[in-house]
2 protein chains.
Amino acid sequence: MKVPPAGEEEAQFRALLRHEGLRMTPERSVILSEIFKIEGHFQPDDLLVRFRTNGVRISRATIYRTLDLLVSCGLVRRETFAGDAHYERAHHVEGHAHHDHLVCTSCGAIFEFYNSEIERLQEVVCREFDFELQGHSHQISGLCADCRRRAAVV
Amino acid sequence: MKVPPAGEEEAQFRALLRHEGLRMTPERSVILSEIFKIEGHFQPDDLLVRFRTNGVRISRATIYRTLDLLVSCGLVRRETFAGDAHYERAHHVEGHAHHDHLVCTSCGAIFEFYNSEIERLQEVVCREFDFELQGHSHQISGLCADCRRRAAVV
DNA sequence: ATTGCTATTGAGACGCAGTCTAGATTAGGA
DNA sequence: TCCTAATCTAGACTGCGTCTCAATAGCAAT
């Protein structure tokens, strides 16, 4: 399989793989670069479809395995919306590595937010329960600005 | 099918069904009373198993449909943890109809919390995005007190 | 460049949660 | 009691994700 052009992220991925004694393969490279072409969220089968339509043959299993790797490397983030796994390249909101999501129940649009006060209060909650915070999942659902306007017209 | 003893919740359910032009059936009654025997969270197939072991025959489809009804009636709440649907009878933490969850990543224990400040800040976030808040899902994952202790020993 | 060890891959079987279907049954108003 | 729409069941089906295992191919050492 032809090896696609490498980017900065690929160098990072390669370094992390080596550190773990794992290998870089054309498939992993293709998957990584495809992901970094996508703005916003995607689901594993979105990648499958993209590859199929481009004539690239990479199996579902490999996609899932590679996504797991990228998540544990921190290059990609996984999010679960109403039982559906979504992924997104890890990037930043206002300089924060972490963010949470607003999900529009009408059109499915996803917005990112970060609120340091909420983050802090979660730590307070954990202290109350003698709980060691490892992570969290926080989604606010409702109507986005566009859908509110649309609903107001009707 | 034999009709089980009715409780206060059944009266409420019955009233809501009537209001919607729907019918009370023995199956719905059995499912409701079984749910109200359960403390904490359960999954749809937990009910299936309970019924099977008690010799009660109610199909999976009926369980799912009835759970949907109970959720839309507000008697039961649905929550998604890591892609798995969990249900719980709607009840209150410190007088609040709503609460969120701490999930232990080691033993799976689930704790409930309510933090009015976090609730308020969510409204602030929505205002920033011109977003109409309908609901939210907020789970904090980590190690519960017991598992922390257990980990400390080892 | 070659070799050898072993990580990785692909295709499809599999598992599980949840939905759908079609025919049989039944709640509940007239 | 009768009638009819709502409901039930069993099981087929769907979709997402995981697993298997023989074949392939990185990559470190030679």
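Residue numbers begin at 1 in each chain, while the letters A, B, ... track the order of the sequences.
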Non-neighbouring partners of [X] that pass salt bridge (Lys or Arg N to Asp or Glu O under 4.0 Å), sequence neighbours left out:
| X | result |
| --- | --- |
| Glu119(B) | none |
| Asp45(B) | Arg60(B) |
| Glu79(A) | none |
| Glu88(B) | Arg77(B) |

Value in whole Å for how far the [atom2] atom of [N] lies from [atom1] of [X]:
| X | N | atom1 | atom2 | value |
| --- | --- | --- | --- | --- |
| Glu27(A) | dA7(C) | CD | C1' | 12 Å |
| Leu17(B) | dA6(D) | CG | P | 14 Å |
| Arg65(A) | dC21(D) | CZ | C1' | 11 Å |
| Met24(A) | dT24(D) | CE | C1' | 18 Å |
| Phe42(B) | dA17(C) | CZ | C1' | 15 Å |
| Leu22(A) | dA25(D) | CG | C1' | 15 Å |
| Ile31(A) | dT9(C) | CD1 | C1' | 10 Å |
| Arg14(A) | dG26(D) | CZ | P | 11 Å |

Phosphate oxygens OP1/OP2 of [N]: is one of them under 4.0 Å from a side-chain N or O of [X]?
| X | N | answer |
| --- | --- | --- |
| Arg60(B) | dC16(C) | no |
| Tyr64(A) | dT18(D) | no |
| Thr25(B) | dC8(D) | yes |

TODO: Give, ordered by number, those residues of residues 43-52 of chain B having at least one heavy-atom distance below 4.0 Å to an atom of DNA chain D; if nothing qualifies, reply none.
DONE: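 When residues 43-52 of chain B is checked for heavy atoms under 4.0 Å from DNA chain D, there are no hits whatsoever.
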Tell me if the side-chain of [X] makes a donor-acceptor pair with the base of [N], cut-off 3.5 Å, by modelled atom types.
| X | N | value |
| --- | --- | --- |
| Arg18(A) | dG26(D) | no |
| Arg28(A) | dT8(C) | no |
| Arg23(B) | dA5(D) | yes |

Contacts of [X] that satisfy side chain to side chain donor-acceptor pair (under 3.5 Å) - sequence neighbours left out:
| X | result |
| --- | --- |
| Arg78(A) | Tyr87(A) |
| Tyr64(A) | none |
| Arg65(A) | Thr62(A) |

Open item on the list: Short of 4.0 Å, heavy atom to strand atom, which residues of residues 67-76 of chain A count as contacting DNA chain C?
Closed with: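 Under 4.0 Å from DNA chain C: no residue of residues 67-76 of chain A.
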- [ ] May I ask you to decide if the ring planes of Phe111(B) and Phe129(A) are parallel, tilted or perpendicular, using 30° and 60° as cut-offs?
- [x]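 Tilted: the ring planes of Phe111(B) and Phe129(A) meet at 30° to 60°.
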Open item on the list: Roughly what angle, to 10°, lies between the helix axis at the start of the helix from dA1(C)-dT30(D) to dA30(C)-dT1(D) and the one at its end, five pairs per end?
Closed with: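 About 30°, once rounded to a multiple of 10°.
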Open item on the list: Under 4.0 Å, heavy atoms only, any strand: does Ala85(B) hit a base, just the sugar-phosphate, or nothing?
Closed with: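 Sugar-phosphate contact only - Ala85(B) comes under 4.0 Å of backbone atoms but never of a base.
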TODO: Looking at every strand, decide which applies to Thr62(B) at a 4.0 Å heavy-atom threshold: base, sugar-phosphate, or nothing.
DONE: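 Base contact.
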Task: Short N-O contact, Glu34(A) and Lys37(A), less than 4.0 angstrom - done: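 Yes, this pair counts.
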Open item on the list: Rounded to the nearest 0.5 Å, what separates atom CD1 in Ile140(A) from atom CD1 in Ile118(A)?
Closed with: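 Nearest 0.5 Å value for the CD1-CD1 distance: 6.0 Å.
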Open item on the list: By nearest heavy atom, map Ala61(B) and Ser59(A) onto DNA chain C; which one lands nearer the 5' end?
Closed with: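 Taking each residue's closest nucleotide, the earlier one in sequence belongs to Ser59(A).
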Open item on the list: Can you pull out every salt bridge (Lys or Arg N to Asp or Glu O under 4.0 Å) where at least one residue sits in residues 125-144 of chain B? Sequence neighbours excluded, please.
Closed with: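 Found Arg148(A)-Asp130(B), Arg148(A)-Glu132(B), Arg149(A)-Asp130(B).
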TODO: Under the ring pair (Phe, Tyr, Trp, His ring centres under 6.0 Å) rule, collect the residues that match up with His41(B), sequence neighbours excluded.
DONE: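 Partners of His41(B) by the ring pair (Phe, Tyr, Trp, His ring centres under 6.0 Å) criterion, ordered by chain and then number, come out as Phe81(B), His101(B).
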